[in-house]
Chemist: 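Okay, here's the structure, questions in a sec.
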Amino acid sequence: MKSVTCELCPRGCVIPEGGAGDCRVRVNLGGELRATTYGRPSALHVDPMEKKPLYHFLPGTPVFSLATAGCNLHCLNCQNWQLSQRGGEEMEAIYRAEPAEILNTAIQEGCHSIAYTYSDPIVFYEYTCDTSTLARARGLRNVLITAAYINPKPLRQLCQVLDAANVDLKAMDDALYRQVTGGTLQPVLDALRILREEGVWLELTNLVIPTLNDDLAMIRRMARWIEQELGADTPLHFSRFQPQYRMRNLPPTPAETLEYARAEAMDAGLRYVYIGNLMGHAGNSTYCPTDGTPLIARTGFWITNRRLTADGRCPSCDERIPGVWQ
Amino acid sequence: MQGAPPILGREREAWCATGVRFIRVPSMQTSARWVRMPVNWRTRDLPLPALILLCLTLIGLHLRLVSKEAADAGTGGWRHIDRAALERRIESGDLRDVRADWYHPTRPDEGPFDQGSFGTSE
Ligand SMILES: [Zn+2]
């Protein structure tokens, strides 16, 4: 039996002939590991960049977004579980879209960037790499929306063609990672450092789940780590939990929990902390950290007012706001 | 004390309607539910204990299999997939068999379901 060992993610799956990795889509056929969803996405959409969420990267622009089946984490609260917790052979909708076709469609749709998202692009790594390389050559940017459960070497290689990433940091607690996602914390922290070192624009999302990871002391520890390891200018999005998939027993996150979390993270030194998935909240908007001037006002995924200058400065005090603005 | 009658009365073999057999049951504990061991009990009751033993063996084997599969899945080992369905969809063009990056033939020192060999130390 010719088994193979996958080196892509920290699981290090040892896969016998005819079996799949834990992600369901990387399959050992005849002693060779095959990427079965390469060029076969099951989700294709044009989204606003704010939906990723990326608030400091080409705000207000449309981004062509794609995903295939499969994921290397198994979050109990996954909002895309019909996509992420299935193998390619279990999917009904599969599009045939080679990297060149993705590029053509994205350009036709008026997008200047491509997002690898929804499930986790790590499991369709080769498709992401090839499409990103082609996108770079044609002047488009690439954004990765991921839980960053990936090994250092493949990540560093992927970073060569990445422009931005939003990483879902689930909690600053290894036991919770194991319990809720089936993964572990340390590889994610290592991946975050690598993304920063490699110069990829980085934003973080933390889904705040009542009773699971809403402890303010843990939120403070997470914010401190981000401030020390990634920098105070790293935007952090606290996102509101909605009961779904295998976590319907917990209530939606109360607004005040998100407000406390935001205040705690800002007190720990982070300068751009947002509240997401809560329509119309003031915490959706970007403010100048020096004088509090509202710079980009948002309602949901839509920008309702923009005072940030074209080169990314506060019009009142000329403070440079970190990000990729054009 | 030699020759004194047993305090609890004479002991004897008995069996219960549920099939449980006691070799030495004090007579005072026998009730209407206990009956005398029939002479031919071995041939009549062998199927029941054998059936219980068989059930326990099957339950044990099942638990072993289930816990092994759970361990495989839980530690990120690998997954069984519907290979026939996969191959059909590769053949139809719905899926692909593009060679993946980042893997190697499993080395003898890599046990199955080994975690952490490619962890954060690289
Ligand atoms: Zn200002």
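Just so you know, these numbers come straight off a predicted model, no measurement behind them. All chains are named by letter (A, B, ...) in the order of the sequence lines, taking the proteins before the strands, and each is independently numbered beginning at 1.
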Chemist: Using modelled atom types and a 3.5 Å cut-off, is there a donor and acceptor pairing between side-chain atoms of A:Arg34 and backbone atoms of B:Val98?
Modeler: no
Chemist: If you apply the rule side chain to side chain contact (heavy atoms under 4.5 Å, CB included), what do you find for A:Glu90 with B:Asp82, and how did you get there?
Modeler: CA-CA 9 Å; A:Glu90 296 172 280; B:Asp82 184 345; over 6 Å; no
Chemist: Check this for me: does any side-chain nitrogen of one of B:Arg89 and A:Glu89 sit under 4.0 Å from a carboxylate oxygen of the other?
Modeler: no
Chemist: Can you check whether B:Gly93's main-chain N or O pairs, donor with acceptor, with A:Arg40's side chain at less than 3.5 Å?
Modeler: yes
Chemist: Which atoms form the tightest heavy-atom contact between A:Gly19 and B:Trp78, and what is the distance?
Modeler: CA-CE3, 4.0 Å
Chemist: For A:Arg193, does the CZ atom have more than 12 heavy-atom neighbours from other residues, nucleotides or ligands under 6.0 Å away?
Modeler: yes
Chemist: Under the rule for side-chain hydrogen bond (donor to acceptor under 3.5 Å, both in side chains), what residues qualify as partners of A:Glu198, not counting sequence neighbours?
Modeler: A:Arg156, A:Gln160
Chemist: If only atom types and distance count, is the side chain of B:Arg107 paired as donor or acceptor with the main-chain N or O of A:Thr5 below 3.5 Å?
Modeler: no
Chemist: State the OH-CG distance between B:Tyr103 and A:Leu33, to the nearest 0.5 angstrom.
Modeler: 6.5 Å
Chemist: Between atom CZ of B:Arg83 and atom CG of A:Asn28, what is the distance when rounded to the nearest 0.5 Å?
Modeler: 8.0 Å
Chemist: In terms of heavy-atom proximity below 4.5 Å to chain B, should A:Ile94 be classed as side chain, backbone, both, or neither?
Modeler: side chain
Chemist: Looking at every non-hydrogen atom in both residues, tell me the closest pair between B:Gly77 and A:Cys13 and how far apart they are.
Modeler: O-CB, 2.8 Å
Chemist: Mind checking the CD-CG spacing from A:Glu92 to B:Asp94? Nearest 0.5 Å is all I need.
Modeler: 11.5 Å
Chemist: List the residues meeting side chain to side chain contact (heavy atoms under 4.5 Å, CB included) with A:Ala20, not counting sequence neighbours, and say none if there are none.
Modeler: A:Val27, B:Ile81
Chemist: Using a 4.5 Å cut-off on heavy atoms from C-beta on, say whether the side chain of A:Leu29 contacts that of B:Ile90.
Modeler: yes
Chemist: Please list, in residue-number order, every residue in residues 124-132 of chain A that has a heavy atom less than 4.5 Å from any heavy atom of chain B; write 'none' if there are none.
Modeler: A:Tyr125, A:Glu126
Chemist: Check whether any side-chain N or O of B:Thr106 sits under 3.5 Å from a backbone N or O of A:Ser3 as a donor-acceptor pair, and report yes or no.
Modeler: yes
Chemist: Take A:Thr37 and B:Arg96 through the test side chain to side chain contact (heavy atoms under 4.5 Å, CB included) and record every step on the way to the result.
Modeler: CA-CA 6 Å; A:Thr37 58; B:Arg96 300 287 302 280; over 6 Å; no
Chemist: Can you tell me how far CD1 of A:Ile122 sits from CH2 of B:Trp102, rounded to the nearest 0.5 angstrom?
Modeler: 13.0 Å
Chemist: Taking only residues two or more places apart in sequence, or in another chain, which ones meet A:Gln79 in a side chain to side chain contact (heavy atoms under 4.5 Å, CB included)?
Modeler: A:Gln244
